[in-house]
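A short write-up of the structure that comes next.
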Amino acid sequence: MAPAPSKLYADDVSLVVVLLDTNPFFWSSSSLSFSQFLSHVLAFFNAILTLNQLNQVVVIATGYNSCDYIFDSSSDLNRSFENGRMPVMCSSLLQKLEEFLIKDEQFSKEEPDGRIKSSLLSGSLSMALCYIQRVFRSGALHPHPRILCLQGSPDGPEQYVIFYILCCLHFSVLTLDLKKDFLLFRYVAIMNAIFSAQHSLVPIDSCYIGAQNSAFLQQASYITGGVHHKPQNLDGLFQYLMTIFATDLHSRSFLNLPKPVGVDFRASSVFGQAQSEVASASDKKRKTPET
């Protein structure tokens, strides 16, 4: 039988787009320092590229105010060095990362106080999907893409109130404050990215290293068929990354990877409760006798 036309390489060839959380507000209070985190992650990147010479790694920095591409193993600069891939990869990535952090910090000085200390997950997810779509459109044959979110920043509180706002707008019982419109736009952007990944058959894996688990990432991995895991011992982060997230999509069918247990769907629960409350208010309003 002829091979499937959508595959250029063997089943174990992967395109891994990694979203790297660089939010300084998280790392300033984390038990794991940012430098220690990078040492685990760089070794993981090198392992991915070593598993198969056709594997590709793309890194997107997810900052507090911005996000940007900081590494692409398929670029001419990185491919030109056959030997010493690890030192070349480290120097290139760390240089771009330093430039990004300086730029993101400059944006922070222009931000008003009191803003939510979460990173721009929606922006980095959108950039990852744009890159993957560009790979799809470059030809009929391509490696298997997946997204890996290495996240530590907490979810913004908008995920627990946005459904209530939408319901209130639907029943015309609330005038939305324009100063809080960003809550709506951020939630919609994240969910649009998740559903776009699902439609494109791109799994979103998520490794959350923050104190509390992430409802957004749990739902993203569950909806797209990816793997979500919260390591208990951050000193062994490299082992978690290698045993869980280094596996290609073809091999996962033979492995016993962590299953989704107790996915946080509180946003949906809030929606149901808010919808009921607003509907009751609307009924009462209609039943009020006219004077």
Side-chain angles (χ1 to χ4, degrees), residues 6 8 13-23 26 37-38 41-42 44-45 48-49 54-75 78 89 92-93 96-97 99-101 103-104 118-139 142-153 155-156 185-209 214-229 241 244-249 252:
S6 62
L8 175 59
V13 177
S14 302
L15 163 61
V16 185
V17 184
V18 182
L19 311 186
L20 196 67
D21 191 355
T22 64
N23 189 344
F26 165 73
F37 171 73
L38 285 179
V41 170
L42 290 175
F44 170 68
F45 292 164
I48 290 292
L49 297 174
L54 298 177
N55 281 351
Q56 180 182 351
V57 173
V58 177
V59 183
I60 299 176
T62 308
Y64 175 62
N65 295 285
S66 61
C67 45
D68 198 3
Y69 300 99
I70 61 173
F71 180 76
D72 186 348
S73 63
S74 67
S75 65
N78 296 314
M89 182 189 71
S92 175
L93 191 153
K96 290 289 186 66
L97 179 60
E99 295 173 357
F100 171 81
L101 293 175
K103 181 180 66 174
D104 195 56
S118 58
S119 57
L120 292 181
L121 179 60
S122 60
S124 57
L125 278 174
S126 300
M127 293 182 68
L129 290 171
C130 287
Y131 187 95
I132 291 173
Q133 288 298 323
R134 186 173 65 184
V135 172
F136 284 161
R137 296 171 187 272
S138 63
H142 51 75
H144 294 280
R146 67 181 187 269
I147 298 174
L148 172 59
C149 299
L150 299 178
Q151 188 83 1
S153 301
D155 293 336
F185 298 142
R186 178 177 291 186
Y187 180 84
V188 171
I190 291 178
M191 295 311 298
N192 279 343
I194 294 174
F195 292 135
S196 296
Q198 180 192 33
H199 180 73
S200 301
L201 301 179
V202 177
I204 298 178
D205 297 332
S206 53
C207 179
Y208 189 74
I209 59 177
S214 169
F216 270 142
L217 293 182
Q218 287 184 59
Q219 295 181 31
S221 298
Y222 180 81
I223 291 173
T224 61
V227 179
H228 174 83
H229 189 69
L241 293 176
I244 298 176
F245 300 104
T247 54
D248 58 84
L249 299 182
R252 292 185 179 188

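Among Leu19, Leu15, Val16, the single residue meeting the side-chain contact (heavy atoms from CB on, under 4.5 Å) criterion with Val58 is Leu15. When each of Arg146, Gln56, His144 is paired with Ser14, the side-chain hydrogen bond (donor to acceptor under 3.5 Å, both in side chains) condition holds for Arg146 and for no other.
Under a 3.5 Å cut-off, the side chain of Asn23 and the backbone N or O of Tyr64 do not form any donor-acceptor pair. For Ser221 (side chain) and Gln218 (main-chain N/O), no donor-acceptor pair under 3.5 Å exists by modelled atom type. Proximity of a side-chain donor or acceptor of Tyr208 to a complementary backbone N or O of Gly152 within less than 3.5 Å is detected. Listed for the Ser73 side chain is a donor-acceptor partner under 3.5 Å among the backbone atoms of Val57. Thr22 places a side-chain N or O within 3.5 Å of a backbone atom of Thr62 that can act as its donor or acceptor partner. At distances below 3.5 Å, at least one donor-acceptor pair connects side-chain atoms of Asp205 with backbone N or O atoms of Val227. In this structure, the side chain of Ser66 does not engage the main chain of Asp104 through any donor-acceptor pair within 3.5 Å. In this structure, the side chain of Ser200 does not engage the main chain of Ala197 through any donor-acceptor pair within 3.5 Å. At distances below 3.5 Å, at least one donor-acceptor pair connects side-chain atoms of Tyr69 with backbone N or O atoms of Met127. Counting only distance, with no hydrogens or angles, the side chain of Asn55 and the backbone of Leu49 share no donor-acceptor pair below 3.5 Å.
If you take CG on Leu20 and CZ on Phe100, they are separated by 9.5 Å, rounding to the nearest 0.5 Å. For the atom pair CD of Gln133 and OG of Ser126, the computed distance is 11.5 Å after rounding to the nearest 0.5 Å. Rounded to the nearest 0.5 Å, atoms CZ (Phe71) and OG (Ser92) are 6.0 Å apart. Atom OG of Ser196 and atom CD1 of Ile132 lie 11.0 Å apart (nearest 0.5 Å). Atom-to-atom distance recorded for Leu101:CG and Leu97:CG is 4.5 Å, nearest 0.5 angstrom. The OG atom of Ser124 sits 6.5 Å away from the CD1 atom of Ile60 when rounded to the nearest 0.5 Å.
Pairing each heavy atom of Ile194 with each of Phe216, the nearest pair is CD1-O, 4.2 Å. For Ile223 against Met191, the heavy-atom pair with the smallest separation is CD1-CE, 4.5 Å. Contact between Pro203 and Gly226 at its shortest, heavy atoms only, is CB-CA, 4.1 Å. The shortest non-hydrogen separation linking Pro145 to Phe136 is CG-CZ, 3.6 Å. Contact between Leu150 and Leu241 at its shortest, heavy atoms only, is CD2-CD2, 3.8 Å. In terms of heavy-atom proximity, Leu148 sits nearest to Ser206 at CD1-N, 4.3 Å.
Counting heavy atoms from C-beta outward, Arg137 and Arg134 have side chains that stay 4.5 Å or more apart. The side-chain heavy atoms of Cys207 and Phe245, taken from C-beta on, include a pair separated by under 4.5 Å. For the pair Val202 and Thr224, the minimum side-chain heavy-atom distance is 4.5 Å or more. At a threshold of 4.5 Å between non-hydrogen side-chain atoms, the residues Leu217 and Leu121 count as touching.
In this structure, Lys103 pairs ionically with Asp68, as a charged nitrogen and a carboxylate oxygen lie closer than 4.0 Å.
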